[in-house]
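Below: the structure, in structure tokens.
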Protein chains: 2
Amino acid sequence: MTSSGPAKRSRPVALPDGGLANEVLEFVWRRRTASRAEIARRTGRSRSTISEVVSRLLPTGLIEEVGSGESRGGRRPILIGFRDGASSILGMDIGAAHVSVALTDLRGRILEWRRRDHAVQADPRGTAALATELGEECLAARGTGSPRPMGIGVAVPSPVDPGSPYRILERILPAWHDFDLLGALRGRFGVPVFVDNDANLGALAEHHWGKAVGIDDFAYLKVATGIGAGLMIDGEIYRGATGVAGEIGHVAIDPRGPRCVCGNRGCLATFVGTRALVDRTRALLCDFPGSVLAGTVPDIRALEDAALADDPMALKVVREAARNLGIVIAGVLNLMNPGSVILGGSLARLGDRLIEPLTRAVAGRTLVASAAASEIRTSELGPRATALGAATHVLVAALANPALFPGVKA
Amino acid sequence: MTSSGPAKRSRPVALPDGGLANEVLEFVWRRRTASRAEIARRTGRSRSTISEVVSRLLPTGLIEEVGSGESRGGRRPILIGFRDGASSILGMDIGAAHVSVALTDLRGRILEWRRRDHAVQADPRGTAALATELGEECLAARGTGSPRPMGIGVAVPSPVDPGSPYRILERILPAWHDFDLLGALRGRFGVPVFVDNDANLGALAEHHWGKAVGIDDFAYLKVATGIGAGLMIDGEIYRGATGVAGEIGHVAIDPRGPRCVCGNRGCLATFVGTRALVDRTRALLCDFPGSVLAGTVPDIRALEDAALADDPMALKVVREAARNLGIVIAGVLNLMNPGSVILGGSLARLGDRLIEPLTRAVAGRTLVASAAASEIRTSELGPRATALGAATHVLVAALANPALFPGVKA
DNA sequence: CGCACTTTGTTCGGCAACCGAACAAAGTCA
DNA sequence: TGACTTTGTTCGGTTGCCGAACAAAGTGCG
């Protein structure tokens, strides 16, 4: 997986084989800063061992000594810090109708950001070219001295089979059949490329930088063109037996509901997708001549803005959506008992205007006290969440296997 | 945790600390029989290492040499076998209105079996006494020479918080508040005691001995007095953030349905629990004067028997139950993408008479092809499944930590 | 201020797990 | 029969990690 690419740079620094170097690296990353003695205490190893591992880790440039900490009654510790800027990561969000790219450091800080609308569904080659272009723009904007990123993460609006990640998108985007986006990116940038479903990566972003920090069991729901859930179980993304866990867009919530493209009746997607919300808004316009949207041809953004301005009609659409989402979320709570439920996608902008009716809808459908106790909240990561999650995926992979870091050899 | 009990038996045999002895033991258990060379190949260790570990494992009596295997072109291997009879386990199923106890060997074979009806809900002390009595009966029946079991597993019809397993049952059985069933059993038998929810343990039994052998992601639904699900994820029981995952009895499947004891409307439990099925049967009796049940006061067993005899009225009740179960199962499929769904509890006796309408109900509510591909099947473990699962829990714990085996010291 | 006590980080000798090479025993195949 | 394989054991060597000892650099009390 590690590309033995063309650039023969400074001699790779050897990393100890043992999982211990790994553990130490990840520990320092999490704590941001820690002394050798503290690492030893927390990992249960001796100070001598940690001292030796740290001394082998220092030349990699991933960690460094950053001054001294407070005394605990004796000699002051030398603090070891993680070098967030030691490398960078490209995170790409391939949406249904747009491509966006984030360049991040190793702490999830977005250094550069590009977004462009594009007919992704119909144009695989153009999409790959656009993703490459935006990625290069991000790298160039950081100056000529900036090295290659350590890896690329890609989010796609489709289930990804962990067994064969190259056969992505086909199911939802037939035009993509046989086009190898990942291979194109790897060829262009010469670094490892990782893919996953957008909802899964959104969940990952929340787990590291958002509302789910410290929570290892939660569900992330992304409401966008489609609806998907990312399930984090015991700190890891859960994919199910065949990689399609969380595909909740076609859960039936009303056997008497309208027919869906999938052939069934009353799917969640027929009530809460971007398309459905806009249609519903337009249908209601005649009943609400006083709405700020009256006389316009609203899109999803206009609907959200109107709701944020407390327009009664927009709020009615949101309440209906909340009720329908609530049915599904109640099912998730009863079945999986997550510690938290987090809503992402553009609808998350609505904050309490969405959460409040949603909480009511859920409360009427859950029994077990502790299940009902899981908080339901909106994401605050905004429109960059998915791309950030894609970058985070690369970071997580590297911390679990430091051989991925440039200039570090296992 | 290892009881340094009264009986001072033959000097404990020391087991190597390393996880390797563990790995070897579990490997031999799984394969039933294997040569040293094969263990070395499969675990990635050298033959010399494995040879040494095996030689230290042999005196524990957990494994033994059992003849020689087929040559692969050279010297014939000496086969190492796991001694299933090296110890025994007590598995106890505490139901809503009965107690049953199984004594098993280390291969899940039920050596002895006792079951008695009892007012569990109202009588904690009597229940503990009964469980003890049945356990002792099982042990006595194996002859005086039979040693103590290596541990006791207990299944309870209630969520179990993994953090504080002693506060069980309270939520569902208020009379049990402050009564320490586990402590009583440990005191009486002098061996470690483990508890878990009955549906979770049913899933464990299926995973080891039933329809889910080899499947690491599946859902087990137990239909009895209550309805519960045991979720196996990546080979481990999933408990959720607060230990109540799988409590699906109160998932709302019809907002216009009857009121439930929990205060909501249309809970699954109001349609499919033992009580609900019996009530529904009795209500239908007047419409089906020709039913074999006409003129009787049927219970759940009579209903199942009638369905097995293809009585139209009983089949109608089953079909309705299947439809309602199907709604919930469809939700499970869409959300979690399990590799299989297995139905347990007494209703599983019905086999295809239940599965066939159930499959139809589910098919109308799931989209993603691979999700719909998960097979739905009935358990074949019968009424002993839960007690067997409780015993299996102890076995799994011991294979992960051989110090639990009697006469083996870590 | 001086002195006893802590804590940190390093050095060094040693233990235990594990490996590879070598070998005898017990097979297969041409 | 002889060349080649595979198995299981022995034995010396490497390696990851520990504990003890120590110097450096603190704190706090009399």
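Residue numbers begin at 1 in each chain, while the letters A, B, ... track the order of the sequences.
- Side-chain atoms of A:Phe218 and A:His207, non-hydrogen and from C-beta on, do get closer than 4.5 Å to each other.
- Side-chain contact between B:Phe194 and B:Leu404: present, with at least one pair of heavy atoms (C-beta onward) separated by less than 4.5 Å.
- Atoms CD1 (B:Ile50) and P (D:dT6) sit 19 Å apart, rounded to a whole Å.
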Which protein N or O atoms sit under 3.5 Å from an N or O of nucleotides 22-26 of chain D?
{"unit_1": "D:dA25", "atom_1": "N3", "unit_2": "A:Arg75", "atom_2": "N", "d": "3.4"}
{"unit_1": "D:dG26", "atom_1": "N2", "unit_2": "A:Gly73", "atom_2": "O", "d": "3.3"}

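- With respect to the salt-bridge test (charged N to carboxylate O, under 4.0 angstrom), the residues B:Glu23 and B:Arg42 do not qualify.
- In this structure, CD1 on B:Ile89 lies 11.0 Å from CD1 on B:Ile152, to the nearest 0.5 angstrom.
- In this structure, CD1 on A:Ile39 lies 6.0 Å from CD1 on A:Ile50, to the nearest 0.5 angstrom.
- Between B:Leu185 and B:Met92 there is a side-chain heavy-atom pair separated by less than 4.5 Å.
- The distance between atom CD of A:Glu52 and atom P of D:dC17, rounded to the nearest whole Å, is 9 Å.
- In this model, the phosphate group of C:dG27 is not approached by any side-chain N or O of B:Arg72 to a distance below 4.0 Å at OP1 or OP2.
- Rounded to whole angstrom, the span from the CZ atom of B:Arg45 across to the C1' atom of C:dG20 amounts to 15 Å.
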Table of protein N/O atoms under 3.5 Å from nucleotides 28-30 of chain D N/O atoms:
none

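- The main-chain N or O of A:Asp234 is found under 3.5 Å from a side-chain atom of A:Asp217 such that the two form a donor-acceptor pair.
- Residues of residues 34-42 of chain B having a heavy atom closer than 4.0 Å to DNA chain D, listed by number: B:Ser35, B:Arg36, B:Ala37, B:Arg41.
- Using bins of under 30°, 30° to 60° and over 60° for the plane-to-plane angle, the ring pair A:Phe82/A:Trp29 lands in the perpendicular bin.
- Here B:Gly69 lies out of heavy-atom contact (under 4.0 Å) with every strand.
- Within a 6.0 Å radius of CZ in A:Arg30, more than 12 heavy atoms belonging to other residues, nucleotides or ligands are found.
- Separating the CD atom of B:Glu65 from the C1' atom of D:dG8 is a distance of 10 Å, rounded to the nearest angstrom.
- With rounding to whole Å, A:Glu70 atom CD is found 9 Å from D:dT27 atom P.
- Side-chain N/O atoms of A:Ser48 and base N/O atoms of C:dG9 include no donor-acceptor pair closer than 3.5 Å.
- Annotation: the span from B:Leu204 atom CG to B:Glu236 atom CD amounts to 10.0 Å, rounded to 0.5 Å.
- For the pair B:Asn200 (side chain) and B:Gly230 (backbone), a donor-acceptor distance under 3.5 Å is absent.
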